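In this text the structure is predicted, and so the values were computed from the model without any measurement. All residue numbers in this chain count up from 1 along the given sequence.
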Amino acid sequence: MPHTESAPDTLRQCDSLITAAAEDLAAGRYRAVLGELLRAGVVESILDPAAGVGNPARECCIALERIARHSVELAEAVQVQALAANTIRRHGSDRLWSALGPGLRTGEILAVNCMSEPNAGSDLSALELTAVRDGDRYRLTGYKNWAAHAAVANELIVYARTSDAGIGGITAFLVPADTPGVRVSAPFEQLRGLAIPVSDIVFDDASVPAERILGRRDRGALVSDILVTQGRLGLAACAIGLGDAAYERALDFAGSTVRFGQVLIEHQSVGFTLADMATGLTAARQLLYHACAGFDRDPLTSTLVCAQAKLFATDTAARITADAVELLGASAYLPGEPVEHSMRQAKLLQTLQGTNRIQRLTIANRLRTDAER
Ligand SMILES: Cc1cc2nc3c(=O)[nH]c(=O)nc-3n(C[C@H](O)[C@H](O)[C@H](O)COP(=O)(O)OP(=O)(O)OC[C@H]3O[C@@H](n4cnc5c(N)ncnc54)[C@H](O)[C@@H]3O)c2cc1C
């Protein structure tokens, strides 16, 4: 049940490229694959167009959903780059964007958002990496973990503490990955079979010019808020693509397998499971598009609906992929059968850009504030 309405032509033409890229990604050719995809224009629609023309967030999500149907890891890789590029464009100086924008579009420059630290995953206000002013530069010292595609990145968006004012004392810096004092670890082993390289990064008195601040000093939380809100939309789109592929696999299996003298789909309980899957996907997609419209109107007032879209779509994908595994029975565990891998991927989507418990917390906090008014 792929959704193709208003999918960009470039994407329609690029389906075979996406399939080939997904295979290359699994073989570890990460940087080359991402570059090929970006140069072919697959990602063009994902880079936030300059000024509210059309419905950019929705176009971006349609593209990500399409990629995720083939490979959710590829979609996540594209989303990492797109979020970083959009953040640099939105919050960086014109000079920074003219220097880096063309390379970010073609994949010659890869960038990544480095927010997480061992004691600051869900809670940005707890971050400990410090940036100390030194004339017209800042010196960064500390540690980041879980930085996706950092091992191949040229630019790192780093959140650092510039004052003790909690969430109001954080500044976002754009740090060249080859800055002396920055050490990116080799990608480390994760849950079996995930293709995105993830690294830790040490900052040891790394010196960065003040002109590389994104947004304003002590206003890094704003930079992060917009990025995370947009990231939640992208993850919802990835979840829908992933869930849709698992649903189609389950539908195909249920329509072609006979048990107890009947095609599986004719057993009412199986038909009902498929009905729930299809309904969940339709609802998730509509909620996502509603959230996209909100984000395009104003990213800062759309946090509630973007959290809802991420929560609903990723929970739906988790349920669909688990149901697909159950429906396929033992054959779900055979080599080459994608639904079992999809089930683990869906679980990851529930965790990224704030766990779904954090999405519920965001929604509940907002409901409480509204009730107190
Ligand atoms: C493959 C992968 C790629 C990633 N890529 C990146 C990246 O590129 N850049 C980056 O910055 N980060 C990245 N991350 C980190 C990711 O964003 C975090 O893992 C995620 O935000 C959750 O943070 P945490 O794991 O530190 O959980 P924690 O904050 O340590 O939370 C642990 C548990 O406590 C719960 N919890 C926390 N606070 C509350 C609360 N107030 N109430 C109730 N429950 C709570 C959480 O839901 C969770 O279950 C990546 C992670 C993975 C696995």
Side-chain angles (χ1 to χ4, degrees), residues 1-7 11-12 15 58 61-72 75 232-294 305-334 336-352 355-357 359-360 363:
M1 202 175 52
H3 187 83
T4 51
E5 185 204 326
S6 76
L11 281 178
R12 260 194 292 276
D15 263 355
R58 180 176 148 138
C61 284
I62 290 172
L64 283 175
E65 179 190 330
R66 195 172 187 108
I67 299 171
R69 288 182 53 75
H70 298 272
S71 161
V72 75
R232 288 173 179 167
L233 295 176
L235 286 178
C238 289
I240 293 167
L242 181 77
D244 208 5
Y247 159 73
E248 292 213 334
R249 177 71 189 108
L251 186 63
D252 179 57
F253 183 84
S256 59
T257 307
V258 175
R259 294 291 182 265
F260 292 92
Q262 272 184 312
V263 183
L264 269 182
I265 197 169
E266 289 169 3
H267 292 279
Q268 194 181 53
S269 72
V270 173
F272 281 9
T273 299
L274 292 164
D276 284 346
M277 288 179 175
T279 307
L281 286 167
T282 303
R285 208 174 261 125
Q286 293 310 316
L287 179 55
L288 174 60
Y289 294 164
H290 175 60
C292 285
V305 72
C306 293
Q308 287 173 327
K310 191 263 180 175
L311 172 66
F312 188 75
T314 55
D315 279 0
T316 299
R319 199 174 49 250
I320 289 175
T321 50
D323 283 348
V325 167
E326 190 186 322
L327 208 65
L328 265 70
S331 57
Y333 291 87
L334 289 173
E337 175 51 66
V339 289
E340 175 265 346
H341 185 66
S342 301
M343 186 171 69
R344 282 180 289 133
Q345 282 286 350
K347 197 70 215 157
L348 176 62
L349 295 178
Q350 287 179 307
T351 300
L352 295 176
T355 62
N356 279 3
R357 203 175 288 270
Q359 311 303 320
R360 287 188 170 86
I363 297 163

How many angstroms lie between [atom1] in [X] and [atom2] in [Y], if you round to the nearest 0.5 Å?
X	Y	atom1	atom2	result
Gln268	Thr273	CD	OG1	10.5 Å
Ile363	Asn356	CD1	CG	8.5 Å
Leu64	Leu233	CG	CG	10.0 Å
Met277	Asp244	CE	CG	11.0 Å
Gln359	Gln350	CD	CD	10.5 Å
Arg66	His70	CZ	NE2	6.5 Å

Going by side chain to side chain donor-acceptor pair (under 3.5 Å), name the residues that satisfy it together with Asp252, two or more places apart in sequence or in a different chain.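 With neighbours one apart ignored, the set is Arg249.
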
By side chain to side chain donor-acceptor pair (under 3.5 Å), which residues pair with Arg360, not counting sequence neighbours?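 Here the qualifying residues are Asp315.
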
Any salt bridge (Lys or Arg N to Asp or Glu O under 4.0 Å) involving residues 319-329? Give me the pairs, sequence neighbours left out, ordered by first then second residue.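 Not a single pair qualifies under salt bridge (Lys or Arg N to Asp or Glu O under 4.0 Å).
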
Would you check if the side chain of Lys310 reaches a backbone N or O of Leu352 as a donor-acceptor pair within less than 3.5 Å?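 Yes, the answer is positive, given that a donor and an acceptor are paired below the 3.5 Å cut-off.
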
Would you check if the side chain of Thr282 reaches a backbone N or O of Ala278 as a donor-acceptor pair within less than 3.5 Å?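 Judged by distance alone, yes, a pair lies under 3.5 Å.
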
Please list, chain by chain and in numerical order, all residues satisfying side-chain contact (heavy atoms from CB on, under 4.5 Å) with [X], sequence neighbours excluded.
X	result
Ser342	Leu242, Thr321
Ala68	Val72, Ala75, Cys238
Ala254	Leu264, Ile265, Val270, Leu274, Leu327
Ala245	none

Do Tyr333 and Leu328 have side-chain heavy atoms sitting under 4.5 Å apart?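 Contact flag for Tyr333/Leu328 side chains = no.
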
Taking all non-hydrogen atoms of both residues, which atom of [X] and which atom of [Y] are closest, and how far apart?
X	Y	answer
Ala317	Ala239	CB-O, 3.4 Å
His267	Arg259	NE2-O, 2.9 Å
Leu235	Thr314	O-CG2, 4.2 Å
Ala283	Phe312	CB-CE2, 3.7 Å
Cys292	Cys61	SG-SG, 3.7 Å
Ala246	Ala324	O-CB, 3.9 Å

Should Glu65 and Arg69 be marked as a salt bridge (Lys or Arg N to Asp or Glu O under 4.0 Å) after you check the CA-CA gap, both sets of side-chain angles, and the distance that decides it? CA-CA 6 Å; Glu65 179 190 330; Arg69 288 182 53 75; 5.6 Å; no

